[in-house]
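Worksheet: the structure to be examined is printed underneath.
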Protein chains: 2
Amino acid sequence: MESRCENCIIRQFNSLRAMSKEELKHVSDSKVTKTVKKGEALFEEGDKLNGVYCVRNGISKLSKLSANGKDQIVKLATKGEVLGQRSVIAEESTNLSAIAVQDMEVCFIPKESITNTLQKNPNFTLEVLRHMAHDLKEADDVIVNISQKTVKQRIAEAFLYLKNNFGEDEQGFLALTLSREDISNVVGTATESAIRIISEFKKKGLIHTSGKKIGIKDERKLMEMVDGF
Amino acid sequence: MESRCENCIIRQFNSLRAMSKEELKHVSDSKVTKTVKKGEALFEEGDKLNGVYCVRNGISKLSKLSANGKDQIVKLATKGEVLGQRSVIAEESTNLSAIAVQDMEVCFIPKESITNTLQKNPNFTLEVLRHMAHDLKEADDVIVNISQKTVKQRIAEAFLYLKNNFGEDEQGFLALTLSREDISNVVGTATESAIRIISEFKKKGLIHTSGKKIGIKDERKLMEMVDGF
DNA sequence: GGGATTCTATGACAATTGTCAGGTTTGGAA
DNA sequence: TTCCAAACCTGACAATTGTCATAGAATCCC
């Protein structure tokens with residue numbers, strides 16, 4: 001049995017909460033629920049999107065391929081976030097790829113439901129606008145971090161970010177396990193450099209690892225490192 | 001004599017064009033025109049903005065101070081752009097400083113005119129949203145460029161960007177003259193590194209200089225350099 | 001016009017980061 | 001279980017970039 005958007009808790013976290021009952025009903029009737037396995041793509045750079053994806057579960061990386069063949073991860077999106085909005089709003093093909101880093105459950109909402117509501121419901125539009133304003137601010141922060149901090153600082157920051165945004169499991173490991181390559185693509189460095197620094201952090205007792213899994217041991221020192229001590 | 005927004009050509013380039021006649025009238029009655037000299041700030045990081053600034057003339061850098069004391073320039077805004085929107089929309093203090101790199105003429109529009117229209121005129125909101133979607137896409141590109149390209153490539157790209165966006169003067173120099181420090185803050189590197197690379201470009205015949213002024217001599221080679229040749 | 005200040009330029013060096021070239025471990029499929 | 005491919009790790013080295021020091025050039029201001 002398909003669940004109804006009207007009852008979906010996820011909605012509370014994103015701009016869909018500003019929709020009226022009728023609008024939501026329309027969305028719910030037209031939406032399609034999909035499951036996406038780890039490693040599969042929701043969409044790829046250059047695709048024309050016919051709608052947006054509302055994340056019910058799991059995590060997706062949003063990345064962009066650079067000229068030298070490396071991906072840069074621009075954002076990690078989780079439960080409650082809506083992907084593909086920018087492309088649908090600007091009526092352009094998307095500039096990012098969305099690939100699952102965990103198994104995901106998403107709702108695909110055809111763009112008509114979105115564009116119609118954008119034109120008719122100012123509250124909804126304003127809500128989307130607020131979200132985008134927030135994303136833009138975050139993007140500015142990323143720019144400053146990448147250009148002004150060392151790789152070491154950026155990796156330390158990434159671990160703290162992962163802890164704060166996705167939490168830890170029972171054994172104290174980061175709940176979101178990224179491959180070393182993904183980590184290097186988040187901070188914008190070579191995979192080998194990332195691995196080296198992870199080893200160094202381990203030696204210094206800042207983190208502990210088990211296979212791919214990473215746990216934070218000395219949060220205070222990591223925070224100091226981010227600020228340049 | 002103050003000019004009226006209704007007649008302002010600048011408006012055609014930004015989201016204000018989606019305002020109704022009455023809304024524009026209201027904006028025009030409440031706006032204040034200001035001149036800002038080179039080096040002066042429109043606003044600074046952390047300020048709470050009581051309105052937005054519509055640029056009529058001149059150019060402003062939007063920058064953010066990083067922990068190590070260096071500014072990172074995130075965007076150069078020129079005629080037609082509206083600054084401070086994000087802060088007003090999100091009702092947060094601004095995360096960027098806006099400092100004139102050329103003498104400017106701007107119109108300050110109190111936030112009430114904006115927020116009122118945002119709530120009442122979906123077309124206007126949608127127009128603002130489109131602009132912000134565009135800015136966000138550009139920010140993503142900046143992230144990828146900074147993290148995946150060398151300083152040399154980024155400087156080459158910056159020169160091409162300056163030419164394409166601000167043009168050249170009669171003698172073939174870039175119309176927007178930035179200090180070496182500003183250039184280094186655009187590409188996110190040390191001032192000395194920027195200077196060194198500028199010298200190198202000059203030696204190789206890619207550019208020519210006269211004081212601070214820089215002119216592009218071999219656009220093709222610069223473009224090749226950006227793509228990694 | 002002269003002095004102070006800021007900006008530009010360059011050298012020398014050190015630190016950071018990337019690349020290449022191996023190894024080892026891990027995880028999943030047959 | 002066993003094997004294979006992918007992921008992880010490390011060393012050695014080169015390239016890039018940042019830092020410090022210093023000096024000349026341009027600009028501002030009294």
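All chains are named by letter (A, B, ...) in the order of the sequence lines, taking the proteins before the strands, and each is independently numbered beginning at 1. None of these values were measured; they are calculated from a predicted model.
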Nearest whole Å is fine: how far is C:dT10 P from B:I198 CD1? 11 Å
Base C:dG11 to side chain B:R196, donor-acceptor N/O within 3.5 Å cut-off: yes
I need the CD1-C1' distance between A:I214 and D:dC9, as an integer number of Å. 13 Å
Counting only non-hydrogen atoms, which of residues 145-162 of chain A are less than 4.0 Å from DNA chain C? A:T150, A:V151
Interatomic distance where CD belongs to A:E192 and P belongs to C:dG22 [whole Å]: 14 Å
Does the side chain of B:T189 get closer than 4.0 angstrom to OP1 or OP2 of D:dG18 through an N or O atom? yes
Of the options B:V186, B:L76, B:I214, which is the one that meets B:L162 in a side chain to side chain contact (heavy atoms under 4.5 Å, CB included)? B:L76
Are B:D135 and B:R86 within salt-bridge range, i.e. N to O under 4.0 Å? no
A:I195, nearest nucleotide to its side chain (from D:dT10, C:dT19, C:dT8): D:dT10
Euclidean distance, atom CG of residue A:D182 to atom P of D:dA6 [Å, nearest integer]: 16 Å
What distance do A:F201 atom CZ and A:M225 atom CE have between them, rounded to the nearest 0.5 Å? 4.5 Å
Do B:L83 and B:S60 come within less than 4.5 Å of each other through their side chains, counting heavy atoms only? yes
Mapping B:T209 and A:A190 to their closest nucleotides on DNA chain C, which lands nearer the 5' end? B:T209
Classify B:S199 by what it touches in the nucleic acid, base, sugar-phosphate, or nothing, heavy-atom distance under 4.0 Å. sugar-phosphate
Rounded to the nearest angstrom, tell me the gap between atom CG in B:N68 and atom P in C:dT16. 14 Å
Flag if over 12 foreign heavy atoms under 6.0 Å of NZ, B:K137: yes
How does protein reach along nucleotides 24-30 of chain D, written 5' to 3' as B (base within reach of a heavy atom under 4.0 Å), S (only sugar-phosphate), or - (no contact)? -------
Output the rounded distance in Å from NZ (A:K70) to C1' (C:dG18). 7 Å
What is the separation between atom CZ on A:F201 and atom P on D:dC9, rounded to the nearest whole Å? 14 Å
Using a strict cut-off of less than 4.0 Å between a Lys/Arg side-chain nitrogen and an Asp/Glu carboxylate oxygen, indicate whether A:D182 and A:K61 qualify as a salt bridge. yes
Calculate, to the nearest 0.5 Å, the distance between atoms NZ and OG1 belonging to B:K213 and B:T177 respectively. 6.5 Å
Between C:dA15 atom C1' and A:I197 atom CD1, what is the distance in whole Å? 13 Å
Parallel, tilted or perpendicular: which describes the rings of A:Y161 and A:F166, with under 30° parallel and over 60° perpendicular? perpendicular
Does A:S15 reach the side chain of A:Q85, with side-chain heavy atoms less than 4.5 Å apart? yes
